[in-house]
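Written out below as structure tokens is the structure these notes cover.
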Amino acid sequence: SLRRGGRALVCCPTVQRRHDFPADFWRPMPAALNHLFREFSEVTAIVYGNVMTSVAALMGLAPQELPESDFAYNDPEYPVLSCVIARK
């Protein structure tokens, strides 16, 4: 258990397209992470990835095989990694 004032950093691989009907609580996407940490005093959910990095991950490509421009933006519709920073 985390002490009061303690922080948690959780990162989950999520190479799937996000959906919100009514909310995506079945996978470790931002809505589910926010829900899991709802009793914490501060919660910040962050996603990394986009359609190109998602396809590359599904194809088994290493980050070094992609141009840096593929990492220049994050699209919340195509997260490769969903993270949450929470403080109790």
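Computed over heavy atoms, backbone and side chain alike; hydrogens, waters and symmetry mates excluded.
For R38, the CZ atom sits in a packed shell: over 12 heavy atoms of surrounding residues, nucleotides or ligands are nearer than 6.0 Å. Atom CD of E65 has more than 12 neighbouring heavy atoms from other residues, nucleotides or ligands inside a 6.0 Å radius. Environment of CD in E39: sparse, with no more than 12 heavy atoms of neighbouring residues, nucleotides or ligands closer than 6.0 Å.
Here the CE-OH distance, from M52 to Y73, works out to 7.0 Å after rounding to the nearest 0.5 Å. Between T44 atom OG1 and R87 atom CZ the span is 10.5 Å, to the nearest 0.5 Å. Going from atom CG of N34 over to atom CE of M29 covers 13.0 Å, rounded to the nearest 0.5 Å. Distance check: F37 CZ to I85 CD1 gives 11.0 Å after rounding to the nearest 0.5 Å. Between N50 atom CG and E77 atom CD the span is 12.0 Å, to the nearest 0.5 Å. Put simply, CG on L66 and CG on L61 are 6.0 Å apart, with the number rounded to the nearest 0.5 Å.
Taken together through direct or relayed side-chain contacts under 4.5 Å among Ile, Leu, Val, Met, Phe, Trp and Tyr, Y48 and M59 form parts of separate hydrophobic clusters. L9 and L81 fall within the same hydrophobic cluster, defined by Ile, Leu, Val, Met, Phe, Trp and Tyr side-chain heavy atoms under 4.5 Å apart, directly or through other members.
Contact annotation: the side chain of P28 never approaches that of S82 to less than 4.5 Å [non-hydrogen atoms, C-beta and beyond]. Here the side chains of K88 and S41 are not in contact, with every heavy-atom distance at 4.5 Å or above. With contacts defined as side-chain heavy-atom distances shorter than 4.5 Å, the pair V84/V43 qualifies.
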#### Entry: Pair C83-V47, side-chain contact (heavy atoms from CB on, under 4.5 Å): steps then yes or no
CA-CA 6 Å; C83 302; V47 297; over 6 Å; no
### Query
Between Y78 and T53, is a side-chain contact (heavy atoms from CB on, under 4.5 Å) present by the stated rule, with each step listed?
CA-CA 8 Å; Y78 293 94; T53 56; over 6 Å; no
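Of the candidates N74, V51, V15, V80 forms a side chain to side chain contact (heavy atoms under 4.5 Å, CB included) with just one, namely V15.
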